[in-house]
Undergrad: 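Before we start, here is the structure in question, set down as structure tokens.
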Amino acid sequence: MRDAPAQVGLAWTLRNPGVTAPIIGARTTGQLEDNLGALEVELTASHLARLDEASAIELGYPHEILARESILALTRGDMTIEPRR
């Protein structure tokens, strides 16, 4: 059985270390159960790369400047953000 788009989207969101609490929009028990199926979805590195590429947007000014390594080093120092396990 193929995973539902909502399940893939939620599974992908759960892999994003910047997201602390994905919001599901279930109105019915069936939708909630379908959304909870995201916990069983396994995304490969290839899947994640395709999803990241498909959703990539150009940030533009000032975000392109803020994303530079030199600026990140100034704002984050040696802090790293680890992916959710």
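Everything quoted here is computed from the prediction, not taken from an experiment. Starting from 1, each residue takes its place in the sequence as its number.
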Undergrad: Under 4.5 Å side-chain heavy-atom separation, chaining through any Ile, Leu, Val, Met, Phe, Trp or Tyr, what else clusters with L59? Say none if it is isolated.
TA: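 Taking Ile, Leu, Val, Met, Phe, Trp and Tyr as members, L59 shares its hydrophobic cluster with I57.
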Undergrad: Identify all side-chain donor-acceptor contacts of residues 18-30 below 3.5 Å with residues at least two apart in sequence or on another chain.
TA:
{"unit_1": "T28", "atom_1": "OG1", "unit_2": "Q31", "atom_2": "N", "d": "3.1"}

Undergrad: Kindly give the heavy-atom pair with the smallest separation between A38 and A11, and that separation in Å.
TA: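 Answer, listing the atom of A38 first, then A11: O-CB, 3.6 Å.
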Undergrad: Only pairs at least two apart or in different chains count here, so list each side-chain hydrogen bond (donor to acceptor under 3.5 Å, both in side chains) that has a residue in residues 58-74.
TA: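 Listed by first then second residue: nothing to list.
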Undergrad: For L39 and L14, what are the C-alpha separation, side-chain angles and deciding distance, and is it a side-chain contact (heavy atoms from CB on, under 4.5 Å)?
TA: CA-CA 9 Å; L39 299 172; L14 287 167; 3.8 Å; yes
Undergrad: Any idea which heavy atoms bring H47 and E42 closest together, and the distance?
TA: ND1-O, 4.1 Å
Undergrad: Linking Ile, Leu, Val, Met, Phe, Trp and Tyr by side-chain heavy atoms under 4.5 Å, what else ends up with L48?
TA: V8, W12, V41, L43, L51
Undergrad: First locate atom CG of L36, then atom CG of L10, and finally report the distance between them rounded to the nearest 0.5 Å.
TA: 9.0 Å
Undergrad: Output all residues satisfying side-chain hydrogen bond (donor to acceptor under 3.5 Å, both in side chains) with S55, sequence neighbours left out; order by chain, then residue number.
TA: none
Undergrad: With sequence neighbours left out, what residues match D34 under side-chain hydrogen bond (donor to acceptor under 3.5 Å, both in side chains)?
TA: Q7
